[in-house]
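We're numbering straight along the sequence, starting at 1.
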Amino acid sequence: MTALLFLLPNPARACSLALVLAMDGSASVDAREHALQLNGLADALRDPDVVQAIEAVGGIWVTSFEWSGRYQQLQQLGWSHLTDLQSAAVAAETIRRSPRGYTEFPTAIGYALGHAAVQLGAAPQPCARKVIDVAGDGINNDGFGPASAYKAFDFEGVTVNGLVIAGPDAAPVRYYRANVIRGPGAFIETAATYRDYAAAMKRKLLREIFGNGYASVR
């Protein structure tokens, strides 16, 4: 009986990953760059390698939102269980068609993290790993910063990774490395420009889906 129980799946651990995707919609992101982000994320979710990874781990839960100022967070994709090409394609096209919420608000990363933590707490199923994926091209310039968010919200057992659109200024990469990423296996993925967003997001998703055992731990 003991051996049988050991072999049975644990319903509480049936989900391998709950992933919150947070996309930068602040004033520094113009319409073309915003479209590249939306389409880049959608293309990454539909990528055959990403779909194969999702299938290999038995499916993942994903939600996505756009963020900018303190109170400007817009849901793009509600919690969705991705298990195969069809479910990934539906999620991808939902994100691709998502309208932009705001265009003239600053960069409130701390508030975005707080919102992401609340969303993660509402995940439909307990998952073995909990990850927040924050994408952006700048540093916090509105409201409290990441350190305050980490004190005020529940980040127990949560990994926060960053996708930074680097551009010519190295400050955002340094800022994300020093202030944003957090938790087991946390890492930064960089895109040289918004045109590189899809490829960077694909690399990031693969690391997050399979786990970060080979990522540098902070």
Side-chain angles (χ1 to χ4, degrees), residues 15-26 37-38 40-42 44-45 50 53-54 57 59-83 87-88 90-92 94-96 98 101-102 107-137 140 144-146 148-165 176 179-189 197 200-212 215 218:
C15 167
S16 66
L17 173 66
L19 177 62
V20 178
L21 300 164
M23 179 183 296
D24 188 356
S26 62
Q37 284 190 97
L38 280 179
L41 175 54
L45 285 172
V50 173
I54 290 170
V57 300
I60 63 174
W61 281 97
V62 177
T63 186
S64 178
F65 71 94
E66 173 196 310
W67 60 272
S68 53
R70 299 185 191 192
Y71 310 113
Q72 285 70 47
Q73 296 95 28
L74 177 69
Q75 186 179 72
Q76 299 167 321
L77 175 71
W79 279 111
S80 301
H81 194 213
L82 309 190
T83 58
S87 55
V90 169
T94 299
I95 291 172
R96 199 188 303 275
S98 177
Y102 310 94
T107 304
I109 299 177
Y111 280 77
L113 286 167
H115 184 78
V118 172
Q119 298 303 303
L120 196 52
Q125 184 180 0
C127 294
R129 292 183 295 115
K130 297 179 287 185
V131 176
I132 295 171
D133 182 331
V134 184
D137 67 356
N140 191 83
F144 60 73
S148 295
Y150 290 138
K151 292 178 182 177
F153 294 89
D154 182 11
F155 284 88
E156 180 68 29
V158 176
T159 295
V160 179
N161 298 322
L163 193 165
V164 184
I165 301 90
Y176 268 67
N179 300 283
V180 177
I181 64 171
R182 173 188 175 95
F187 66 92
I188 290 175
E189 192 66 62
Y197 191 93
M201 180 58 74
K202 174 185 173 178
R203 294 193 300 269
K204 195 163 188 289
L205 287 173
L206 288 173
R207 293 179 72 172
E208 289 165 340
I209 293 167
F210 282 129
N212 303 326
R218 179 173 182 268

Mark yes or no for whether Thr159, through its side chain, and Pro184, through its backbone, hold a donor-acceptor pair below 3.5 Å. yes
Any Ile188 side-chain heavy atom under 4.5 Å of Asn161 side chain: no
Ring-plane angle category for His81 and Trp61, please: parallel below 30°, perpendicular beyond 60°, tilted otherwise. parallel
pair Trp67-Leu74: side-chain heavy atoms closer than 4.5 Å: no
Is there a side-chain contact between Glu208 and Phe187 in this structure, where contact means two heavy atoms from C-beta onward sitting under 4.5 Å apart? yes
Evaluate the side-chain proximity of Ile60 to Cys15: yes if any heavy-atom separation is below 4.5 Å, no if none is. no
Of Lys202, Arg203, Lys204, the residue whose pairing with Glu189 passes salt bridge (Lys or Arg N to Asp or Glu O under 4.0 Å): Arg203
Non-hydrogen side-chain atoms of Met23 and Phe65 separated by less than 4.5 Å: no
Side-chain contact, heavy-atom cut-off 4.5 Å: Val180 with Val160? yes
With Leu19, which of Thr63, Ile132, Leu205 fulfils side-chain contact (heavy atoms from CB on, under 4.5 Å)? Leu205
Between the main-chain N or O of Ile109 and the side-chain N or O of Asn140, is there a donor-acceptor pair closer than 3.5 Å? yes
Heavy-atom pair with the smallest gap, counting every atom of Arg129 and Ile209: NH2-O, 2.7 Å
Does any N or O in the side chain of Lys130 come within less than 3.5 Å of the main-chain N or O of Glu156, such that one atom is a donor and the other an acceptor? yes
Please confirm whether the backbone N or O of Val20 pairs with a side-chain atom of Gln119, one donor and one acceptor, at under 3.5 Å? no
